[in-house]
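Scroll down for the structure; my scribbles are underneath it.
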Amino acid sequence: MVRDLFMFAGFNESSQIVWFKIIYSKEPGALSLITDFLEKENAFIMFGHLDNITQKTGEYSVFTELNKDVDPDNFARKIKELEVVSEVEYGISEYGMVYSVDFPLNVIGVRGVMARALTIVDIIKTLNQSAPHAEGLLTISGLKGGIHAAKYFKSILNLNDSNFASVLAELYKGVGWGILEIECDPKTYEGKIIVKDSFIADVYGGSDQPVCAFMSGYFAGYLTEYFGKNISVREVSCKATGKKVCEHIISLAPSGGTSQEYQLRGEKR
């Protein structure tokens, strides 16, 4: 029997999912000390992976399920007090169902693959350099992806005005696409999305024009599916052009067309 292990506990109201990135010294028994501590403190290990940073240090990234009354900041300090640990970072995951750790990999409901960001950006660059209307093609691709993501989350969560933005932000962080800051008024459908550490802009290199059309389309698709309204998203600032972050503006598309049609008109401005 094949069993999928999902990074998910959002439906358990008595618990919280907290991830820890632990830098430790690679001496005999070091990792055992860390896992023994987590077990002793009743931290259920849901998923973890190791990365050998140097010959002397390692990185243990682990998702744990903790009781709601546990203070993650205090818990992280306790981990750092272990003799073999030098650094600890942590974060709280509210909606942890991002992917399975079985084979084949499952990412928000369909098969996924792991690829270097450089590989994906090389595909985007090739399209930009060789294909007519490349920006439009990337926008449409993103639009379809965003629509699928919103449909999937609506099927497993009570997606509503209080969590639609945080679900999208967690998805982006979970799959390594970037860190999102989202402001969007559910009444006016206006707002903006700031993307920090965009995998496209960070890897693309210098450019005279914004390069994150795929992300603009993805945001538009997600919001269009969630709101049931045609939403337009346009990148107005991009890290690839020398800005500190990427910024996307959200607006309600005029009536009389589809989100895809208006999104493409917006990209051509």
Side-chain angles (χ1 to χ4, degrees), residues 4 6-11 17 92-100 105-113 120 124 135-200 212-235 246-267:
D4 288 340
F6 289 97
M7 295 199 309
F8 176 68
F11 291 130
I17 297 297
I92 300 173
S93 175
E94 294 183 71
Y95 311 99
M97 184 175 282
V98 177
Y99 55 79
S100 74
L105 188 67
N106 182 293
V107 181
I108 57 171
V110 297
R111 181 170 180 171
V113 295
I120 300 174
I124 292 174
E135 194 172 10
L137 293 174
L138 291 167
T139 301
I140 293 173
S141 297
L143 194 76
K144 292 180 177 180
I147 290 172
H148 174 270
K151 285 182 177 179
Y152 177 74
F153 284 120
K154 283 163 64 176
S155 73
I156 65 168
L157 295 170
N158 176 27
L159 206 62
N160 54 58
D161 289 352
S162 66
N163 67 16
F164 76 92
S166 57
V167 169
L168 179 60
E170 186 153 328
L171 168 62
Y172 259 61
K173 183 166 60 175
V175 296
W177 285 5
I179 307 296
L180 303 187
E181 294 179 3
I182 306 174
E183 297 177 9
C184 184
D185 188 331
K187 296 180 180 179
T188 64
Y189 313 107
E190 295 182 350
K192 66 180 179 180
I193 300 176
I194 300 295
V195 184
K196 299 178 181 178
D197 301 320
S198 161
F199 84 95
I200 297 176
C212 303
F214 175 84
M215 285 198 181
S216 289
Y218 200 98
F219 296 144
Y222 180 92
L223 295 172
T224 292
E225 176 64 28
Y226 169 67
F227 287 127
K229 302 282 187 179
N230 290 331
I231 304 298
S232 173
V233 179
R234 181 167 55 96
E235 186 177 28
C246 298
E247 181 176 350
H248 303 252
I249 298 299
I250 305 167
S251 62
L252 182 65
S255 58
T258 66
S259 176
Q260 177 174 310
E261 291 169 344
Y262 187 77
Q263 186 71 15
L264 291 178
R265 287 200 296 269
E267 291 295 337

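Because only heavy atoms are used, hydrogens play no part in the values below, and waters and symmetry mates are left out as well, while side chains stay in. Heads up: numbering here begins at 1 and tracks the sequence. Computed from a predicted structure; not experimentally measured.
Ring geometry for Tyr152 against His148 counts as parallel: the plane angle stays under 30°, on a 0 to 90° scale with 60° as the upper cut.
A ring-centre distance under 6.0 Å is found for Phe227 and Phe164.
Remark: Glu170 CD to Ile17 CD1 distance equals 9.5 Å, nearest 0.5 Å. In this structure, OG on Ser216 lies 11.0 Å from CD on Glu247, to the nearest 0.5 angstrom. Taking SG of Cys212 as the start and CG of Leu138 as the end, the distance is 10.5 Å to the nearest 0.5 Å. Rounded to the nearest 0.5 angstrom, Ser251 OG and Asn230 CG are separated by 11.0 Å. Atom OH of Tyr222 is separated from atom CG of Leu143 by 14.5 Å, given to the nearest 0.5 angstrom. Here the CD1 atom belonging to Ile124 is positioned 4.0 Å from the CD1 atom belonging to Ile200, to the nearest 0.5 angstrom.
With a 4.5 Å cut-off on side-chain heavy atoms, Phe219 and Ile250 do not count as touching. For the pair Ile249/Val233, no side-chain contact is recorded, criterion being any heavy-atom separation below 4.5 Å from C-beta on. Looking only at side-chain heavy atoms (C-beta outward), Met215 and Ser198 come within less than 4.5 Å of each other. The shortest distance between side-chain heavy atoms of Phe214 and Glu235 does not fall below 4.5 Å.
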Could you give the side-chain donor-acceptor pairs of residues 175-187 under 3.5 Å, partners two or more places apart or in another chain?
residue: Glu181; atom: OE2; partner: Lys196; partner atom: NZ; Å: 2.7
residue: Asp185; atom: OD1; partner: Lys187; partner atom: N; Å: 2.8

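In terms of the salt bridge (Lys or Arg N to Asp or Glu O under 4.0 Å) criterion, Glu190 has no residue partners (sequence neighbours excluded). Scanning for salt bridge (Lys or Arg N to Asp or Glu O under 4.0 Å) contacts around Lys192 gives an empty result, with sequence neighbours left out.
Here the shortest heavy-atom pairing between Thr188 and Leu252 reads O-CB, 4.4 Å. Of all heavy-atom pairs between Gly221 and Ile147, the closest is O-CG1, 3.4 Å. Minimum interatomic distance between Ala149 and Leu171 (heavy atoms only, all atoms of both residues): CB-CD2, 4.1 Å.
Under a cut-off of 6.0 angstrom, the local environment of NZ in Lys151 is sparse, with at most 12 non-hydrogen atoms contributed by other residues, nucleotides or ligands.
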Next on the checklist: I'd like to know whether Val167 forms a side-chain contact (heavy atoms from CB on, under 4.5 Å) with Leu159, so could you lay out the CA-CA distance, the side-chain angles of the two residues, the decisive distance to 0.1 Å, and finally the verdict.
Outcome noted: CA-CA 8 Å; Val167 169; Leu159 206 62; 3.8 Å; yes
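Put simply, the side chain of Tyr226 gets close to the backbone of Asp161: a donor and an acceptor are under 3.5 Å apart.
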